[in-house]
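Throughout, protein chains are lettered first and strands after them, A, B, ... in sequence-line order, and every chain is numbered starting at 1. Fair warning: this is a prediction, and the values are worked out from it, not measured in the lab. Just so you know, these numbers use all the heavy atoms, side chains as well, and skip hydrogens, waters and symmetry mates.
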There are 2 protein chains.
Amino acid sequence: MAGKRVTIKMIAQEAGVSPATVSRVVNNKRNVRPELAERVREAIRKLDYHANEVARGLVRGTVDTFGVVVPDISNTFFSRICKAIQNTVMPTGAAVFLHNTDGILNRERQIIKELASKLITGIFLVAPRMPATEIRTLADELGVYPVVVDARVENCRLAAVWVDNVTAFIEASEHLISKGHKRIGFIAGPLAVANSKDRLDGYRIALRNHGIKEDTSLIYESDFTIAGGYKTAKEMFRKRNPPTAVLCSNDLMAVGVLSYLHKQGVEVPSEISVVGCDDIDVASSLSPPLTTVSQPIYELGVTAAQMMLQYTSTNEVPPNSILHAKLIIRNSTSNVQEGKSESETHPAEQLSHNVQKRDNR
Amino acid sequence: MAGKRVTIKMIAQEAGVSPATVSRVVNNKRNVRPELAERVREAIRKLDYHANEVARGLVRGTVDTFGVVVPDISNTFFSRICKAIQNTVMPTGAAVFLHNTDGILNRERQIIKELASKLITGIFLVAPRMPATEIRTLADELGVYPVVVDARVENCRLAAVWVDNVTAFIEASEHLISKGHKRIGFIAGPLAVANSKDRLDGYRIALRNHGIKEDTSLIYESDFTIAGGYKTAKEMFRKRNPPTAVLCSNDLMAVGVLSYLHKQGVEVPSEISVVGCDDIDVASSLSPPLTTVSQPIYELGVTAAQMMLQYTSTNEVPPNSILHAKLIIRNSTSNVQEGKSESETHPAEQLSHNVQKRDNR
DNA sequence: CCTCTCCTTGAAAACGCTTTCCAAAATAGC
DNA sequence: GCTATTTTGGAAAGCGTTTTCAAGGAGAGG
């Protein structure tokens with residue numbers, strides 16, 4: 001191994017100047033005669049010199065690198081955010097560490113510390129499980145710039161960008177309600193995640209606004225996966241008095257629901273309407289094409305990256321950024337089936353904030 | 001910013017020993033009195049010391065970090081490989097840089113150099129565009145361990161793991177042939193990618209073995225995306241004498257094909273059979289569930305990571321590893337439609353190795 | 001009791017770069 | 001033409017580790 005590396009000294013020697021001068025040229029400081037500078041650049045080109053970023057990092061106390069911490073890279077939603085962050089940050093010459101937490105809080109903590117020990121400049125926390133105050137404290141302690149992505153974080157001197165999920169889900173629910181649906185099933189993501197909670201809240205608010213009593217037997221907590229959606233649909237439709245529409249907290253679960261329904265020979269949307277969230281790439285290619293709350297995924301990443309760049313250069317916490325989702329109506333939703341809307345109104349149950357906990361595999 | 005960092009000297013002082021001793025304790029060298037070691041560990045715990053990985057990297061000449069270079073992270077296939085690599089490598093305490101090339105050869109080169117300047121230990125090149133010999137040369141020059149993932153690389157003293165795509169696609173084609181299909185459309189990925197080429201070869205071999213004349217008007221080159229598949233299907237089925245089945249080089253393109261066919265009101269599989277490749281997570285949840293060549297994606301990543309670990313610890317190029325794909329028959333394929341098989345046999349065209357180039361957006 | 005090992009420990013020298021400090025050179029001001 | 005000021009480039013001091021080297025101490029063998 002160990003190909004001989006070109007160091008700054010070699011360049012200095014080649015150009016007949018001191019290492020200090022080479023450094024100045026490399027870092028575009030003034031105070032070096034143009035003629036000399038050219039000679040140095042020549043040498044750099046000739047020997048194909050690349051500064052040792054590690055040595056540079058040691059003296060500067062920070063390395064031009066960011067960490068991205070996500071629950072699950074293999075989930076398209078997150079991988080698209082990663083891509084956006086990377087594309088935005090790359091032109092500045094920065095690299096990006098990627099880390100998976102599998103949604104485990106402790107792993108999140110550990111990863112942040114490990115990243116800090118590598119002297120990275122900043123960390124993007126995507127859909128973190130950690131409470132905002134802890135993030136703030138930890139980041140200050142470790143001397144790292146944090147930017148929270150896709151989680152509502154307020155009043156914490158913490159840079160964050162998120163989507164207004166409450167409004168989005170009010171809109172999604174109202175879409176269904178306007179089609180005459182009254183029994184609307186809801187499949188939430190893990191409620192420990194703020195977004196899941198907000199989406200559920202949007203659903204509840206919409207129901208309340210339209211005078212529909214909430215039926216907790218229609219609300220399920222799942223895990224954002226296809227399998228989770230499938231399984232939940234199975235439970236949901238096994239009960240008597242099933243919903244006429246189901247609103248899912250993300251597309252993957254909607255895919256699972258669609259798959260279950262298809263297997264059971266249930267027609268979508270004529271018999272059951274289905275709505276997802278995210279607008280992942282396959283959403284428009286499903287059959288039927290999925291009506292979904294389109295999250296500005298790429299924009300989420302780009303905005304986060306821009307905030308980070310601003311944050312690190314000005315050292316001022318940039319203001320939060322709230323993005324808006326958009327309901328995309330495709331063919332998985334339609335008017336409620338004849339006779340289904342009123343017939344089987346459920347005996348009113350108490351409004352309860354408990355939802356059934358499900359085994360999240 | 002700049003939370004004061006705990007250094008080895010502070011630990012040394014706290015424990016009343018020299019930095020050298022602390023270092024020895026941290027790195028589990030023996031030759032340090034147990035009692036002293038305990039005192040040091042105590043200090044480490046007390047001050048929450050984490051060694052500065054950058055300084056450590058500088059003296060060691062290498063940092064315990066790997067780079068993963070993929071064409072597109074937002075593609076599930078690649079993001080699943082990344083995840084596998086990471087999960088395998090993480091327990092050793094190594095971190096992972098992620099880089100996107102968008103399939104651009106020059107960016108691949110540049111990224112590799114940048115990574116090398118960060119003194120990383122090894123690079124995983126996933127589906128690289130670079131020729132194997134260049135990889136070997138560059139890696140030697142930069143002093144970095146390369147492992148090639150998902151690309152057939154032979155006779156190059158280069159560690160690589162790939163899937164036997166030729167056999168896989170012979171099998172997939174034969175599945176279709178056994179159902180009576182004779183006019184089988186083929187949608188290839190970018191033919192600059194070895195895998196795409198191999199899959200096409202498998203298709204050709206199968207046809208030849210069964211005495212079916214190759215019709216180049218049925219072979220298209222696309223770009224592995226849903227949109228690409230959709231567009232190609234459109235062209236393919238616009239021509240007179242269209243195929244009765246289409247074999248796609250990946251699932252995403254198959255999704256595009258399915259979507260086009262669905263839009264046109266064409267029934268799958270009764271009218272047209274469709275086969276994909278990869279077995280991405282949604283494949284089994286499509287309607288109809290997609291018959292596909294299941295790539296051992298996760299295994300690909302895990303194997304690559306294990307090879308890397310072995311490579312870096314023994315400094316010997318580990319032997320190549322060839323994995324096998326498996327045809328998963330679901331419901332997107334069926335017997336050829338009545339009368340379609342023999343009726344419109346196409347005027348024999350010369351066997352040609354040219355395929356039509358398509359605009360790959 | 002002395003010598004020879006072996007083990008433990010600390011001092012100091014790298015690692016490759018940036019940056020500060022200084023002296024020399026160049027320019028300006030009178 | 002002489003002092004005052006600004007440029008310019010080199011020497012050297014770190015940055016936080018690991019690692020080498022040598023010294024000191026303890027134990028063993030004679």
Exercise. Reckon N31(B) has a side-chain N or O less than 4.0 Å from the OP1 or OP2 of dT9(C)?
Worked result: no
For this session: Report yes or no: is there a donor-acceptor pair, N or O only, under 3.5 Å between the side chain of R24(A) and the base of dG9(D)?
Result: yes
Problem set entry | E114(A) side chain to Q110(A) side chain, donor-acceptor N/O pair below 3.5 angstrom | yes
Exercise. Is there a side-chain polar atom (N or O) of T21(A) under 4.0 Å from OP1 or OP2 of dT8(D)?
Worked result: no
Problem set entry | Sugar-phosphate only, base, or nothing, as touched by T7(B) at under 4.0 Å among non-hydrogen atoms | sugar-phosphate
Problem set entry | Residue-phosphate contact under 4.0 Å: S18(B) side-chain N/O, dA11(C) OP1/OP2 | no
Exercise. Which of the following nucleotides, dT8(C), dT19(D), dT9(C), is nearest to the side chain of A20(B)?
Worked result: dT19(D)
Exercise. Do the side chains of F124(A) and V161(A) get nearer than 4.5 Å, heavy atoms only?
Worked result: no
Exercise. Do N320(A) and V148(A) touch side chain to side chain, with heavy atoms closer than 4.5 Å?
Worked result: no
For this session: Please step through side chain to side chain donor-acceptor pair (under 3.5 Å) for the pair S79(A) and S74(B), ending with a clear verdict.
Result: CA-CA 5 Å; S79(A) 63; S74(B) 68; 5.6 Å; no
For this session: Could you state the atom-to-atom distance from CD of Q13(A) to P of dA11(D) in whole Å?
Result: 13 Å
For this session: For DNA chain C, determine which residues of residues 42-64 of chain B have any heavy atom closer than 4.0 angstrom to one of its atoms, and list them numerically.
Result: L58(B), V59(B)
Exercise. Does N27(A) CG have over 12 foreign heavy atoms under 6.0 Å away?
Worked result: yes
For this session: Would you please confirm or rule out a distance under 4.0 Å between OP1 or OP2 of dT19(C) and any side-chain N or O of K29(A)?
Result: yes
Exercise. With a 4.5 Å heavy-atom cut-off, do V89(A) and F66(A) have their side chains touching?
Worked result: yes
For this session: Answer with base, sugar-phosphate or nothing: what part of the nucleic acid does V17(B) contact at a heavy-atom distance below 4.0 Å?
Result: sugar-phosphate
